[in-house]
2 protein chains.
Amino acid sequence: MATTTAAQQRQTAKAEYDAFLAACPSRQLLDRVSDKWVTLVLCALAGDDDGHEPRSLRYSELARRLGGVSQKMLTQTLRSLERDGLVTRTVVATVPVTVSYALTDLGVSLRLVVRSLKVWAEAHMDDVLAGRSTYDARLA
Amino acid sequence: MATTTAAQQRQTAKAEYDAFLAACPSRQLLDRVSDKWVTLVLCALAGDDDGHEPRSLRYSELARRLGGVSQKMLTQTLRSLERDGLVTRTVVATVPVTVSYALTDLGVSLRLVVRSLKVWAEAHMDDVLAGRSTYDARLA
DNA sequence: CAGGATCCCGCTAGATACTG
DNA sequence: CAGTATCTAGCGGGATCCTG
């Protein structure tokens with residue numbers, strides 16, 4: 001309780017947005033942010049797998065990092081993140097061209113949240129797997 | 001760095017699962033958890049709009065709480081959450097029947113994470129909106 | 001009240017081919 | 001290298017009707 005920051009208090013104070021309401025803009029934002037690829041891209045740019053320090057990554061580095069992502073989904077995800085002001089896109093006019101992505105301040109503010117999500121999934125995988133087998137067994 | 005808890009260290013220690021890998025089970029779990037309705041259901045059961053205390057809610061109460069949710073999606077979401085061991089489903093044989101849902105311990109462990117997500121979306125809506133108009137303006 | 005069962009549309013994700 | 005463009009199959013998700 002002594003750990004509440006000024007930013008957090010501002011958040012609590014302005015109750016203009018409520019994601020429980022279908023019409024609220026924050027509902028769409030929640031939907032956007034609640035995305036597998038968004039989470040993984042942000043985690044990669046946050047350096048969650050390398051010292052947990054924000055870093056910039058090139059397109060191809062991201063593609064390699066996120067197993068199974070298609071070019072379309074990666075580009076699409078990066079575009080929406082850029083549009084929403086969560087990442088920056090920097091083009092260096094080398095030959096061939098070099099494009100790197102990095103978190104903005106806004107992106108950094110979401111960093112810990114998505115990391116928690118990823119960490120939670122990895123940490124509680126066993127519990128969930130156990131829960132599923134129990135559930136499935138009760139039906140048979 | 002002095003703020004790492006024992007639980008966090010355990011999580012970091014067991015690197016058996018890695019959501020960056022396409023084949024890893026935690027990838028599917030991340031995909032499941034990264035869902036608008038999952039987030040909102042957990043937030044509702046966590047009592048985020050009423051003193052932030054976990055509580056049990058009936059099906060109809062959840063339906064009313066989550067604006068715009070269809071019966072299909074609500075039922076589907078609740079089933080998967082039950083199967084994964086995140087919520088409990090309790091049937092009371094009244095007439096008509098009463099069904100209530102509540103968080104399990106595992107569900108409680110995810111509570112703060114999804115709340116953060118919802119709170120973030122509501123708190124930074126203005127920033128994102130501003131970022132979008134800037135982005136869109138630069139194209140025109 | 002709390003769903004189950006169906007029908008069906010839309011859009012998304014994937015695969016493929018092409019380019020500055 | 002870092003995308004864009006196009007096509008398509010598949011399914012997510014809504015609407016509707018029905019039931020213990």
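Note that the structure is predicted; figures quoted are calculated from it, not measured.
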Rounded to the nearest angstrom, tell me the gap between atom [atom1] in [X] and atom [atom2] in [N].
| X | N | atom1 | atom2 | value |
| --- | --- | --- | --- | --- |
| A/Lys36 | D/dG12 | NZ | C1' | 13 Å |
| B/Leu74 | C/dG4 | CG | P | 11 Å |
| B/Arg64 | C/dG3 | CZ | P | 14 Å |
| B/Trp37 | D/dG14 | CH2 | P | 7 Å |
| A/Glu61 | D/dC1 | CD | C1' | 12 Å |

Side chains of A/Arg115 and A/Leu112, heavy atoms from C-beta outward: is any pair under 4.5 Å?
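Counting from C-beta outward, A/Arg115 and A/Leu112 do come under 4.5 Å.
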
Residue mapping more 5' on DNA chain C - nearest nucleotide basis, B/Leu78 or A/Asp35:
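It is B/Leu78, whose closest nucleotide lies nearer the 5' terminus.
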
Kindly point out which of [options] is positioned nearest to the side chain of [X]?
| X | options | answer |
| --- | --- | --- |
| A/Met73 | C/dG4, C/dG14, D/dG13 | C/dG14 |
| B/Val97 | C/dC1, D/dC1, C/dG3 | C/dC1 |
| B/Ser70 | D/dG14, C/dG3, C/dA13 | D/dG14 |
| A/Gln71 | D/dT4, C/dG14, C/dT6 | D/dT4 |
| B/Arg79 | D/dA15, C/dC1, C/dG3 | C/dG3 |
| B/Tyr59 | C/dG3, C/dA13, C/dC7 | C/dG3 |
| A/Thr98 | D/dA15, D/dA2, C/dG3 | D/dA2 |

Examine [N]: is either OP1 or OP2 under 4.0 Å from a nitrogen or oxygen in the side chain of [X]? Give yes or no.
| X | N | answer |
| --- | --- | --- |
| B/Ser60 | C/dA2 | yes |
| B/Arg89 | C/dG3 | yes |
| A/Tyr101 | D/dG3 | yes |
| A/Gln76 | C/dT12 | no |
| A/Arg58 | D/dC1 | no |

| said: Need to verify one output field. Residue with the more 5' nearest nucleotide on DNA chain D, A/Lys72 or A/Pro96? | reply: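 So the residue in question is A/Pro96.
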
Point to revise | Joint cluster assignment, B/Val99 & B/Val87, ILVMFWY side-chain distance < 4.5 Å | key: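 Same cluster.
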
Item checked: side chain to side chain contact (heavy atoms under 4.5 Å, CB included) partner of B/Leu110, the single match among B/Leu103, B/Thr104, B/Val33, B/Asp84 ->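 The single option meeting the side chain to side chain contact (heavy atoms under 4.5 Å, CB included) with B/Leu110 is B/Val33.
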
Heavy-atom pair with the smallest gap, counting every atom of A/Arg55 and A/Arg65:
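Scanning both residues, the minimum pair turns out to be NH2-NE, 4.5 Å.
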
Original post:
Do B/Glu122 and B/Lys118 sit within salt-bridge range, that is, some charged N less than 4.0 Å from a carboxylate O?
Top reply: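 Yes, this pair counts.
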
